[in-house]
*Asks:* 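Handing you this structure, nothing more for now.
Start at 1 and go down the list; that is how both ligands and their atoms are numbered. One-based numbering along the sequence shown.
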Amino acid sequence: MRVYNFAAGPSTLPLPVLEQAQKELLDFNGTGMSIIEMSHRGKPFMAVNAEAQALLRELMNIPENYSVLFVQGGASQQFAAVPLNLLKNGKADYILTGNFASKAYEEGLKYGDMAIAASSKEDKYTYIPDMDKVTFREGIDYVHTTYNNTIFGTRYTSLPKTDATIVSDMSSCILSEEVDVSKFGLIYAGAQKNIAPAGLTIVIVRKDLIGNASPICPTMLNYAIQDKNDSLYNTPPCFPIYMSLLVFRWLKELGGVKAMQKINEEKAALLYDFIDNSSFYTNKVAVKDRSIMNVPFVSPSEELDAKFVAEATKAGLVSLKGHRVTGGMRASIYNAMPIEGVKALIDFMKKFELENK
Ligand SMILES: *Cc1c(COP(=O)(O)O)cnc(C)c1O
(Lines give C-alpha, C1' and ligand atoms only; values in the text may rest on other atoms or scores of the structure.)
Protein backbone atom coordinates (compact mmCIF):
# COMPACT_ATOMS: atom_id res chain seq x y z
CA MET A 1 0.00 0.00 0.00
CA ARG A 2 1.27 3.52 -0.85
CA VAL A 3 1.46 5.90 2.09
CA TYR A 4 1.28 9.68 2.15
CA ASN A 5 4.96 10.53 2.36
CA PHE A 6 5.80 13.93 3.83
CA ALA A 7 9.58 13.46 3.65
CA ALA A 8 11.70 16.58 3.05
CA GLY A 9 13.97 14.87 0.54
CA PRO A 10 14.31 12.46 -1.12
CA SER A 11 10.58 12.79 -1.27
CA THR A 12 7.37 11.55 -2.78
CA LEU A 13 7.06 11.36 -6.58
CA PRO A 14 3.89 11.47 -8.70
CA LEU A 15 2.29 8.03 -8.87
CA PRO A 16 1.74 8.09 -12.66
CA VAL A 17 5.44 8.85 -13.11
CA LEU A 18 6.48 5.90 -10.93
CA GLU A 19 4.08 3.66 -12.80
CA GLN A 20 5.44 4.68 -16.17
CA ALA A 21 9.03 4.18 -15.01
CA GLN A 22 8.05 0.75 -13.74
CA LYS A 23 6.42 -0.11 -17.04
CA GLU A 24 9.43 0.99 -19.05
CA LEU A 25 12.06 -0.54 -16.81
CA LEU A 26 12.52 -3.75 -18.74
CA ASP A 27 12.12 -2.28 -22.20
CA PHE A 28 12.50 1.41 -22.90
CA ASN A 29 10.85 2.41 -26.18
CA GLY A 30 11.43 -0.94 -27.87
CA THR A 31 15.19 -0.99 -27.16
CA GLY A 32 14.89 -4.22 -25.18
CA MET A 33 16.65 -2.65 -22.21
CA SER A 34 16.05 -0.02 -19.58
CA ILE A 35 17.19 3.58 -19.85
CA ILE A 36 19.75 2.94 -17.09
CA GLU A 37 21.52 0.16 -18.98
CA MET A 38 22.41 1.98 -22.17
CA SER A 39 25.06 4.43 -23.34
CA HIS A 40 24.50 8.03 -22.43
CA ARG A 41 25.80 8.88 -25.91
CA GLY A 42 23.30 6.70 -27.74
CA LYS A 43 20.24 8.14 -29.47
CA PRO A 44 17.59 7.04 -26.93
CA PHE A 45 19.28 8.65 -23.94
CA MET A 46 20.36 11.76 -25.88
CA ALA A 47 16.71 12.27 -26.81
CA VAL A 48 15.66 11.96 -23.16
CA ASN A 49 18.33 14.45 -22.11
CA ALA A 50 17.37 16.96 -24.81
CA GLU A 51 13.63 16.73 -24.11
CA ALA A 52 14.17 17.11 -20.35
CA GLN A 53 16.23 20.25 -20.91
CA ALA A 54 13.74 21.68 -23.38
CA LEU A 55 10.77 20.97 -21.11
CA LEU A 56 12.44 22.57 -18.11
CA ARG A 57 13.09 25.65 -20.24
CA GLU A 58 9.45 25.71 -21.28
CA LEU A 59 8.05 25.12 -17.78
CA MET A 60 10.20 27.82 -16.16
CA ASN A 61 10.09 30.14 -19.14
CA ILE A 62 13.89 30.28 -19.13
CA PRO A 63 15.18 33.01 -21.46
CA GLU A 64 17.48 32.17 -24.40
CA ASN A 65 20.47 33.83 -22.78
CA TYR A 66 20.52 31.25 -19.98
CA SER A 67 22.14 27.83 -20.02
CA VAL A 68 20.57 24.85 -18.32
CA LEU A 69 23.10 22.41 -16.87
CA PHE A 70 22.38 18.93 -15.51
CA VAL A 71 25.19 18.12 -13.09
CA GLN A 72 25.92 15.95 -10.06
CA GLY A 73 27.06 16.54 -6.50
CA GLY A 74 23.82 17.91 -5.10
CA ALA A 75 23.02 21.47 -4.13
CA SER A 76 25.88 21.23 -1.60
CA GLN A 77 28.38 20.94 -4.44
CA GLN A 78 27.05 24.23 -5.82
CA PHE A 79 27.99 25.92 -2.54
CA ALA A 80 31.56 25.61 -3.91
CA ALA A 81 30.85 25.70 -7.65
CA VAL A 82 29.11 29.09 -7.45
CA PRO A 83 32.08 31.01 -5.98
CA LEU A 84 34.56 29.03 -8.10
CA ASN A 85 32.74 30.14 -11.26
CA LEU A 86 31.28 33.53 -10.41
CA LEU A 87 33.95 35.36 -8.42
CA LYS A 88 35.75 38.00 -10.50
CA ASN A 89 36.29 40.66 -7.85
CA GLY A 90 36.68 37.99 -5.20
CA LYS A 91 33.76 38.95 -2.96
CA ALA A 92 30.13 38.11 -2.44
CA ASP A 93 27.40 38.73 0.14
CA TYR A 94 25.21 36.06 1.70
CA ILE A 95 21.81 36.23 3.36
CA LEU A 96 21.54 33.63 6.11
CA THR A 97 18.04 32.25 6.39
CA GLY A 98 18.75 28.73 7.56
CA ASN A 99 21.14 25.79 7.74
CA PHE A 100 21.71 25.43 4.02
CA ALA A 101 22.26 29.17 3.58
CA SER A 102 24.87 29.02 6.35
CA LYS A 103 26.56 26.03 4.78
CA ALA A 104 26.71 27.88 1.45
CA TYR A 105 28.33 30.83 3.22
CA GLU A 106 30.84 28.63 5.10
CA GLU A 107 31.84 26.93 1.86
CA GLY A 108 32.10 30.28 0.08
CA LEU A 109 34.57 31.50 2.72
CA LYS A 110 37.12 29.04 1.33
CA TYR A 111 37.19 30.87 -1.98
CA GLY A 112 36.67 34.55 -1.39
CA ASP A 113 35.91 37.52 0.79
CA MET A 114 32.38 36.67 1.83
CA ALA A 115 30.18 38.75 4.12
CA ILE A 116 26.82 38.22 5.80
CA ALA A 117 24.46 40.93 4.55
CA ALA A 118 21.61 39.82 6.81
CA SER A 119 20.67 36.91 9.00
CA SER A 120 17.63 35.69 10.92
CA LYS A 121 19.68 33.28 13.01
CA GLU A 122 19.03 35.19 16.27
CA ASP A 123 15.34 34.41 15.89
CA LYS A 124 15.91 30.77 14.97
CA TYR A 125 15.40 31.52 11.27
CA THR A 126 11.68 32.10 11.71
CA TYR A 127 11.56 34.89 9.12
CA ILE A 128 13.20 36.25 5.97
CA PRO A 129 15.01 39.58 6.55
CA ASP A 130 13.21 42.61 5.10
CA MET A 131 14.56 43.00 1.57
CA ASP A 132 13.89 46.74 1.61
CA LYS A 133 16.35 47.14 4.47
CA VAL A 134 19.20 44.82 3.53
CA THR A 135 22.19 46.59 1.97
CA PHE A 136 25.20 45.12 0.21
CA ARG A 137 28.88 45.96 -0.21
CA GLU A 138 30.19 47.75 -3.30
CA GLY A 139 31.74 45.63 -6.02
CA ILE A 140 30.40 42.23 -5.00
CA ASP A 141 30.14 39.50 -7.61
CA TYR A 142 26.83 38.15 -6.33
CA VAL A 143 24.30 37.99 -3.51
CA HIS A 144 23.49 34.46 -2.37
CA THR A 145 19.94 33.65 -1.30
CA THR A 146 18.12 30.46 -0.31
CA TYR A 147 14.68 30.92 -1.80
CA ASN A 148 12.85 28.32 0.26
CA ASN A 149 14.21 27.18 3.61
CA THR A 150 13.41 23.51 3.83
CA ILE A 151 14.13 23.03 7.53
CA PHE A 152 12.60 26.22 8.92
CA GLY A 153 9.67 26.57 6.53
CA THR A 154 10.27 30.08 5.23
CA ARG A 155 10.35 31.48 1.72
CA TYR A 156 11.28 34.70 -0.03
CA THR A 157 8.44 36.72 -1.47
CA SER A 158 10.64 39.53 -2.74
CA LEU A 159 14.23 39.77 -3.92
CA PRO A 160 17.25 41.73 -2.66
CA LYS A 161 17.28 45.31 -3.90
CA THR A 162 20.61 45.33 -5.71
CA ASP A 163 22.18 45.57 -9.13
CA ALA A 164 24.51 42.72 -8.22
CA THR A 165 23.88 39.24 -9.63
CA ILE A 166 21.37 37.33 -7.54
CA VAL A 167 22.12 33.64 -6.97
CA SER A 168 19.42 31.45 -5.49
CA ASP A 169 19.31 27.96 -4.06
CA MET A 170 15.84 26.71 -5.06
CA SER A 171 16.32 23.07 -4.09
CA SER A 172 13.06 22.78 -2.20
CA CYS A 173 10.84 25.03 -4.30
CA ILE A 174 11.92 24.78 -7.93
CA LEU A 175 8.81 24.45 -10.16
CA SER A 176 6.47 24.98 -7.19
CA GLU A 177 5.64 28.58 -8.03
CA GLU A 178 6.28 30.95 -10.90
CA VAL A 179 9.59 32.81 -10.74
CA ASP A 180 10.97 35.33 -13.18
CA VAL A 181 14.25 33.66 -14.10
CA SER A 182 15.54 36.88 -15.70
CA LYS A 183 15.78 38.44 -12.23
CA PHE A 184 18.45 35.89 -11.25
CA GLY A 185 21.97 35.37 -12.51
CA LEU A 186 21.99 31.79 -11.35
CA ILE A 187 19.48 29.33 -9.89
CA TYR A 188 20.48 25.90 -8.63
CA ALA A 189 18.56 23.00 -7.14
CA GLY A 190 19.10 19.43 -6.09
CA ALA A 191 16.43 17.39 -7.86
CA GLN A 192 15.45 15.12 -4.98
CA LYS A 193 12.85 17.39 -3.41
CA ASN A 194 10.55 18.65 -6.08
CA ILE A 195 11.62 16.81 -9.22
CA ALA A 196 13.27 13.42 -9.25
CA PRO A 197 15.37 10.85 -7.38
CA ALA A 198 18.63 12.10 -5.83
CA GLY A 199 21.66 12.40 -8.09
CA LEU A 200 20.76 15.26 -10.40
CA THR A 201 21.46 18.91 -9.74
CA ILE A 202 20.02 21.61 -11.95
CA VAL A 203 21.93 24.81 -12.66
CA ILE A 204 20.31 27.62 -14.61
CA VAL A 205 22.90 30.28 -15.33
CA ARG A 206 22.97 33.44 -17.42
CA LYS A 207 25.43 32.89 -20.24
CA ASP A 208 27.50 36.01 -19.60
CA LEU A 209 28.38 34.65 -16.15
CA ILE A 210 29.96 31.56 -17.67
CA GLY A 211 33.67 31.47 -18.57
CA ASN A 212 35.31 33.18 -15.62
CA ALA A 213 36.03 30.10 -13.51
CA SER A 214 38.96 30.24 -11.12
CA PRO A 215 42.07 28.34 -12.31
CA ILE A 216 41.60 25.96 -9.35
CA CYS A 217 38.00 25.17 -10.31
CA PRO A 218 37.71 21.41 -10.84
CA THR A 219 36.81 20.50 -14.43
CA MET A 220 33.57 18.87 -13.33
CA LEU A 221 32.44 22.04 -11.54
CA ASN A 222 33.32 24.36 -14.41
CA TYR A 223 30.12 25.71 -15.93
CA ALA A 224 31.86 26.54 -19.23
CA ILE A 225 32.93 22.93 -19.69
CA GLN A 226 29.52 21.53 -18.73
CA ASP A 227 27.83 24.05 -21.00
CA LYS A 228 30.06 23.37 -23.99
CA ASN A 229 29.45 19.63 -23.62
CA ASP A 230 25.69 19.94 -23.15
CA SER A 231 26.19 18.51 -19.62
CA LEU A 232 27.57 15.31 -21.16
CA TYR A 233 31.24 15.90 -20.37
CA ASN A 234 31.21 12.60 -18.50
CA THR A 235 28.52 10.05 -17.65
CA PRO A 236 25.48 12.01 -16.45
CA PRO A 237 23.03 10.79 -13.79
CA CYS A 238 20.93 8.98 -16.40
CA PHE A 239 18.15 7.68 -14.20
CA PRO A 240 17.29 10.95 -12.42
CA ILE A 241 17.40 12.78 -15.77
CA TYR A 242 14.95 10.27 -17.22
CA MET A 243 12.72 10.58 -14.14
CA SER A 244 12.89 14.37 -14.44
CA LEU A 245 11.63 14.11 -17.97
CA LEU A 246 8.63 12.08 -16.80
CA VAL A 247 7.96 14.59 -14.01
CA PHE A 248 8.26 17.55 -16.41
CA ARG A 249 5.75 15.91 -18.77
CA TRP A 250 3.41 15.25 -15.84
CA LEU A 251 3.70 18.86 -14.73
CA LYS A 252 3.09 20.20 -18.22
CA GLU A 253 -0.01 18.07 -18.62
CA LEU A 254 -1.30 19.39 -15.32
CA GLY A 255 -1.12 22.92 -16.68
CA GLY A 256 2.48 23.86 -15.89
CA VAL A 257 3.92 25.84 -13.01
CA LYS A 258 1.07 28.35 -12.86
CA ALA A 259 -1.49 25.60 -12.30
CA MET A 260 0.83 23.81 -9.87
CA GLN A 261 1.34 26.99 -7.86
CA LYS A 262 -2.41 27.36 -7.46
CA ILE A 263 -2.68 23.81 -6.12
CA ASN A 264 0.32 24.32 -3.85
CA GLU A 265 -1.11 27.53 -2.42
CA GLU A 266 -4.41 25.77 -1.81
CA LYS A 267 -2.69 22.87 -0.02
CA ALA A 268 -0.59 25.20 2.13
CA ALA A 269 -3.57 27.42 2.99
CA LEU A 270 -5.59 24.40 4.17
CA LEU A 271 -2.81 23.34 6.51
CA TYR A 272 -1.88 26.80 7.83
CA ASP A 273 -5.52 27.76 8.36
CA PHE A 274 -6.08 24.63 10.35
CA ILE A 275 -2.95 25.22 12.47
CA ASP A 276 -3.83 28.89 13.04
CA ASN A 277 -7.33 28.02 14.18
CA SER A 278 -6.11 25.37 16.57
CA SER A 279 -5.02 26.01 20.14
CA PHE A 280 -3.07 22.73 20.09
CA TYR A 281 -0.71 23.12 17.12
CA THR A 282 1.62 26.04 16.44
CA ASN A 283 3.71 27.20 13.48
CA LYS A 284 6.30 29.75 14.61
CA VAL A 285 7.15 31.26 11.23
CA ALA A 286 6.34 34.91 10.39
CA VAL A 287 3.07 34.62 8.44
CA LYS A 288 4.26 36.64 5.45
CA ASP A 289 7.32 34.41 5.02
CA ARG A 290 5.64 31.03 5.29
CA SER A 291 6.80 28.36 2.87
CA ILE A 292 4.21 26.67 0.70
CA MET A 293 6.47 23.58 0.49
CA ASN A 294 7.62 22.83 4.03
CA VAL A 295 5.32 23.37 6.98
CA PRO A 296 6.90 22.91 10.42
CA PHE A 297 4.61 22.75 13.45
CA VAL A 298 4.64 21.65 17.08
CA SER A 299 2.12 20.26 19.55
CA PRO A 300 2.06 21.42 23.21
CA SER A 301 4.99 19.18 24.27
CA GLU A 302 7.90 17.16 22.96
CA GLU A 303 6.28 14.00 24.33
CA LEU A 304 3.16 14.69 22.31
CA ASP A 305 5.27 15.48 19.24
CA ALA A 306 6.88 12.05 19.46
CA LYS A 307 3.49 10.41 20.00
CA PHE A 308 2.07 12.34 17.04
CA VAL A 309 4.82 11.15 14.69
CA ALA A 310 4.48 7.54 15.83
CA GLU A 311 0.69 7.43 15.52
CA ALA A 312 0.70 9.29 12.20
CA THR A 313 3.10 6.69 10.81
CA LYS A 314 0.69 3.94 11.85
CA ALA A 315 -2.08 5.81 10.05
CA GLY A 316 -0.07 5.85 6.80
CA LEU A 317 1.15 9.46 7.11
CA VAL A 318 4.92 9.05 7.18
CA SER A 319 8.12 11.08 7.63
CA LEU A 320 6.49 13.87 9.60
CA LYS A 321 9.28 14.14 12.17
CA GLY A 322 10.84 17.61 12.11
CA HIS A 323 14.51 18.15 11.32
CA ARG A 324 16.81 17.40 14.26
CA VAL A 325 17.70 21.09 14.67
CA THR A 326 14.07 22.20 15.01
CA GLY A 327 12.33 19.21 16.57
CA GLY A 328 8.55 19.01 16.33
CA MET A 329 6.94 18.02 13.07
CA ARG A 330 7.35 19.07 9.47
CA ALA A 331 5.05 18.31 6.58
CA SER A 332 6.79 18.67 3.24
CA ILE A 333 4.02 19.15 0.71
CA TYR A 334 5.92 19.27 -2.56
CA ASN A 335 4.34 19.25 -6.03
CA ALA A 336 3.82 15.49 -5.96
CA MET A 337 1.84 15.54 -2.69
CA PRO A 338 -1.82 15.44 -3.69
CA ILE A 339 -4.33 17.65 -1.88
CA GLU A 340 -5.92 14.46 -0.55
CA GLY A 341 -2.70 13.83 1.39
CA VAL A 342 -2.93 17.23 3.06
CA LYS A 343 -6.60 16.64 3.88
CA ALA A 344 -5.75 13.25 5.37
CA LEU A 345 -3.07 14.90 7.49
CA ILE A 346 -5.50 17.54 8.76
CA ASP A 347 -8.07 14.87 9.62
CA PHE A 348 -5.42 13.01 11.57
CA MET A 349 -4.34 16.20 13.35
CA LYS A 350 -7.94 16.87 14.41
CA LYS A 351 -8.34 13.38 15.76
CA PHE A 352 -5.00 13.49 17.58
CA GLU A 353 -5.87 16.84 19.15
CA LEU A 354 -9.20 15.54 20.44
CA GLU A 355 -7.58 12.49 21.96
CA ASN A 356 -4.69 14.33 23.58
CA LYS A 357 -5.97 17.73 24.68
C1 LIG B 1 18.23 19.71 0.60
C2 LIG B 1 18.79 21.07 0.38
C3 LIG B 1 20.15 21.26 0.13
C4 LIG B 1 21.13 20.12 0.10
O5 LIG B 1 20.96 19.42 -1.05
P6 LIG B 1 21.92 18.22 -1.48
O7 LIG B 1 21.45 17.95 -2.88
O8 LIG B 1 21.68 17.11 -0.53
O9 LIG B 1 23.31 18.71 -1.43
C10 LIG B 1 20.59 22.53 -0.11
N11 LIG B 1 19.75 23.58 -0.07
C12 LIG B 1 18.43 23.44 0.17
C13 LIG B 1 17.55 24.63 0.18
C14 LIG B 1 17.92 22.18 0.42
O15 LIG B 1 16.61 22.03 0.68
*Asks:* Between side-chain atoms of residues 277-286 and protein atoms elsewhere (two or more places apart, or another chain), which donor-acceptor pairs fall under 3.5 Å?
*Replies:*
residue: Asn277; atom: ND2; partner: Asp273; partner atom: O; Å: 3.0
residue: Ser278; atom: OG; partner: Phe280; partner atom: N; Å: 2.9
residue: Ser278; atom: OG; partner: Tyr281; partner atom: N; Å: 2.9
residue: Tyr281; atom: OH; partner: Met349; partner atom: O; Å: 2.6
residue: Asn283; atom: OD1; partner: Val285; partner atom: N; Å: 3.1
residue: Asn283; atom: OD1; partner: Arg290; partner atom: NE; Å: 3.2
residue: Asn283; atom: ND2; partner: Pro296; partner atom: O; Å: 2.8

*Asks:* What residues form a side chain to side chain contact (heavy atoms under 4.5 Å, CB included) with Val342, not counting sequence neighbours?
*Replies:*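 Scan of Val342 (side chain to side chain contact (heavy atoms under 4.5 Å, CB included), adjacent residues dropped) gives Lys267, Leu270, Leu271, Ile333, Met337, Ile346.
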
*Asks:* Applying side chain to side chain donor-acceptor pair (under 3.5 Å), run through Asp305 and Ser299 and close with a yes or a no.
*Replies:* CA-CA 6 Å; Asp305 288 347; Ser299 75; 2.6 Å; yes

*Asks:* Enumerate, one pair per line, all nitrogen or oxygen atoms of ligand 1 lying under 3.5 Å from a protein nitrogen or oxygen, stating the separation to 0.1 Å; write 'none' if no such pair exists.
*Replies:*
residue: ligand 1; atom: 7 (O); partner: Ala75; partner atom: N; Å: 3.0
residue: ligand 1; atom: 7 (O); partner: Gln192; partner atom: NE2; Å: 2.9
residue: ligand 1; atom: 8 (O); partner: Gln192; partner atom: NE2; Å: 3.3
residue: ligand 1; atom: 9 (O); partner: Ala75; partner atom: N; Å: 3.2
residue: ligand 1; atom: 9 (O); partner: Ser76; partner atom: N; Å: 2.8
residue: ligand 1; atom: 9 (O); partner: Ser76; partner atom: OG; Å: 2.6
residue: ligand 1; atom: 11 (N); partner: Asp169; partner atom: OD2; Å: 2.6
residue: ligand 1; atom: 15 (O); partner: Thr150; partner atom: OG1; Å: 2.4
residue: ligand 1; atom: 15 (O); partner: Lys193; partner atom: NZ; Å: 2.7

*Asks:* State whether Phe100 and Lys193 meet the cation-pi test: NZ (Lys) or CZ (Arg) under 6.0 Å from the six-membered ring centroid, and within 45° of the perpendicular axis.
*Replies:*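 Yes, Lys193 sits over the ring of Phe100.
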
*Asks:* Check this for me, if you would: do Lys91 and Asp141 make a salt bridge, where the nitrogen-to-carboxylate-oxygen distance has to be below 4.0 angstrom?
*Replies:*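 Asp141 and Lys91: not salt-bridged.
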
*Asks:* Show me, pair by pair, the donor-acceptor contacts under 3.5 angstrom made by side chains of residues 53-65, not counting sequence neighbours?
*Replies:*
residue: Arg57; atom: NH1; partner: Pro63; partner atom: O; Å: 3.4
residue: Arg57; atom: NH1; partner: Tyr66; partner atom: O; Å: 3.3
residue: Arg57; atom: NH2; partner: Tyr66; partner atom: O; Å: 2.5
residue: Glu58; atom: OE2; partner: Lys252; partner atom: NZ; Å: 3.1

